[in-house]
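Starting from 1, each residue takes its place in the sequence as its number. Side-chain atoms are counted along with the backbone in the values below, which use heavy atoms only and exclude waters and symmetry mates.
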Amino acid sequence: LKNVFEDQLGSKGGEILVLGASQAAAEILPFYFKWYDLDRAKKKIKLKMIASEKLKNKIILCETRYLPQKYANPMAINIYRDKVAIILWKKSPLAILIKNSEIADAYRKYFELMWVIARKE
């Protein structure tokens, strides 16, 4: 799981899109995400998240929008460069990484649609 997040930090600039952001991620890896966000900010990698719950932590270089709580689930989809990471945030988390530019572009379009539908804080 950490390898997936460190892969996201592999290039300066750019953007990471997260569909289904959850507080569970920070609860499962509490110390790791503090480091991850600082490193991401140093590299000027922006983050756009769509969540179904109010996130407790303020996140550097991040813009968040929200969907109704009834759509909450333990899965998140992270889209970056030519990759899509599908992450199941459970006690024993699971990550599936897909490296394919066409799949990443398709998920990016899906994210953009959801971004328009989601509400600002």
Side-chain angles (χ1 to χ4, degrees):
L1 188 61
K2 289 179 182 177
N3 288 339
V4 170
F5 285 100
E6 289 173 25
D7 185 49
Q8 293 176 12
L9 301 175
S11 64
K12 292 190 178 193
E15 183 174 62
I16 300 166
L17 308 175
V18 180
L19 178 56
S22 171
Q23 191 65 38
E27 292 166 3
I28 291 170
L29 297 171
F31 302 107
Y32 178 78
F33 277 113
K34 290 177 185 176
W35 170 84
Y36 169 85
D37 281 328
L38 289 173
D39 199 32
R40 184 181 52 76
K42 268 194 261 181
K43 294 178 179 180
K44 297 182 179 8
I45 300 171
K46 296 178 184 175
L47 182 63
K48 284 174 105 173
M49 297 191 314
I50 298 174
S52 57
E53 60 189 65
K54 178 93 169 140
L55 300 176
K56 297 174 189 170
N57 305 342
K58 282 287 185 194
I59 301 171
I60 305 165
L61 278 179
C62 179
E63 189 177 354
T64 307
R65 293 198 179 174
Y66 299 92
L67 294 174
Q69 182 64 30
K70 69 180 182 177
Y71 298 109
N73 67 69
M75 190 183 75
I77 300 167
N78 294 20
I79 308 148
Y80 61 101
R81 296 189 311 271
D82 63 344
K83 298 178 183 174
V84 175
I86 301 169
I87 303 168
L88 182 62
W89 289 109
K90 289 293 202 176
K91 187 174 182 177
S92 295
L94 171 69
I96 299 167
L97 184 62
I98 301 168
K99 183 179 191 240
N100 180 287
S101 58
E102 291 176 5
I103 292 173
D105 289 342
Y107 270 98
R108 201 170 275 110
K109 287 178 183 177
Y110 179 60
F111 180 91
E112 290 169 5
L113 171 64
M114 298 302 288
W115 186 257
V116 170
I117 294 169
R119 65 177 163 73
K120 293 181 182 178
E121 193 172 7

A side-chain contact here means heavy atoms from C-beta on lying under 4.5 Å apart; do [X] and [Y] qualify?
X: Ile16; Y: Arg40; result: yes
X: Lys120; Y: Tyr66; result: no
X: Leu47; Y: Glu15; result: no
X: Leu67; Y: Ile50; result: yes
X: Asn78; Y: Phe5; result: yes
X: Lys48; Y: Cys62; result: no

Side-chain heavy atoms under 4.5 angstrom apart, residues restricted to Ile, Leu, Val, Met, Phe, Trp, Tyr: same cluster for [X] and [Y]?
X: Ile86; Y: Met49; answer: no
X: Ile87; Y: Leu97; answer: yes
X: Met75; Y: Val18; answer: no

Could you give the distance from [atom1] ([X]) to [atom2] ([Y]), rounded to the nearest 0.5 Å?
X: Ile79; Y: Tyr107; atom1: CD1; atom2: OH; result: 8.0 Å
X: Asn73; Y: Ser22; atom1: CG; atom2: OG; result: 8.5 Å
X: Leu17; Y: Glu63; atom1: CG; atom2: CD; result: 11.0 Å
X: Arg65; Y: Met114; atom1: CZ; atom2: CE; result: 12.0 Å
X: Asp37; Y: Lys58; atom1: CG; atom2: NZ; result: 13.0 Å
X: Gln23; Y: Ile28; atom1: CD; atom2: CD1; result: 11.0 Å

Counterpart residues, salt bridge (Lys or Arg N to Asp or Glu O under 4.0 Å), relative to Lys83 (two or more places apart): Asp7

Contact summary for Pro68 and Ser52, nearest pair of heavy atoms: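 Scanning both residues completely, I find the closest heavy atoms to be O-CB, 3.8 Å.
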
Would you name the heavy atoms of Arg81 and Gly10 that are closest together and state the gap between them?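 That would be NH1-N, 4.1 Å.
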
Stepwise side-chain contact (heavy atoms from CB on, under 4.5 Å) check, Val4 with Tyr80: CA-CA 11 Å; Val4 170; Tyr80 61 101; 4.3 Å; yes

Report the residue from Ile77, Leu19, Asp105, Ile96 that forms a side-chain contact (heavy atoms from CB on, under 4.5 Å) with Val84.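 By the side-chain contact (heavy atoms from CB on, under 4.5 Å) criterion, Val84 pairs with just one of Ile77, Leu19, Asp105, Ile96: Ile77.
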
Hey, is CD on Glu102 packed in by over 12 heavy atoms from elsewhere, all under 6.0 Å? no

Under the side chain to side chain contact (heavy atoms under 4.5 Å, CB included) test, residues paired with Lys2 that sit two or more places apart: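 Applying side chain to side chain contact (heavy atoms under 4.5 Å, CB included) to Lys2 gives Glu6, Leu29, Tyr32.
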
Given the rule in the side-chain contact (heavy atoms from CB on, under 4.5 Å) test, do Lys43 and Leu9 qualify, once you have shown the distances and angles that lead to the verdict? CA-CA 8 Å; Lys43 294 178 179 180; Leu9 301 175; 4.0 Å; yes

Ring centroids only, cut at 6.0 angstrom: are Trp35 and Phe31 within range, meaning strictly under it? no

Connected-component partners of Leu61 among ILVMFWY, side-chain separation under 4.5 Å: Leu38, Ile60

Would you sort out whether Leu1 and Trp89 count as a side-chain contact (heavy atoms from CB on, under 4.5 Å), showing the intermediate values? CA-CA 10 Å; Leu1 188 61; Trp89 289 109; 3.5 Å; yes

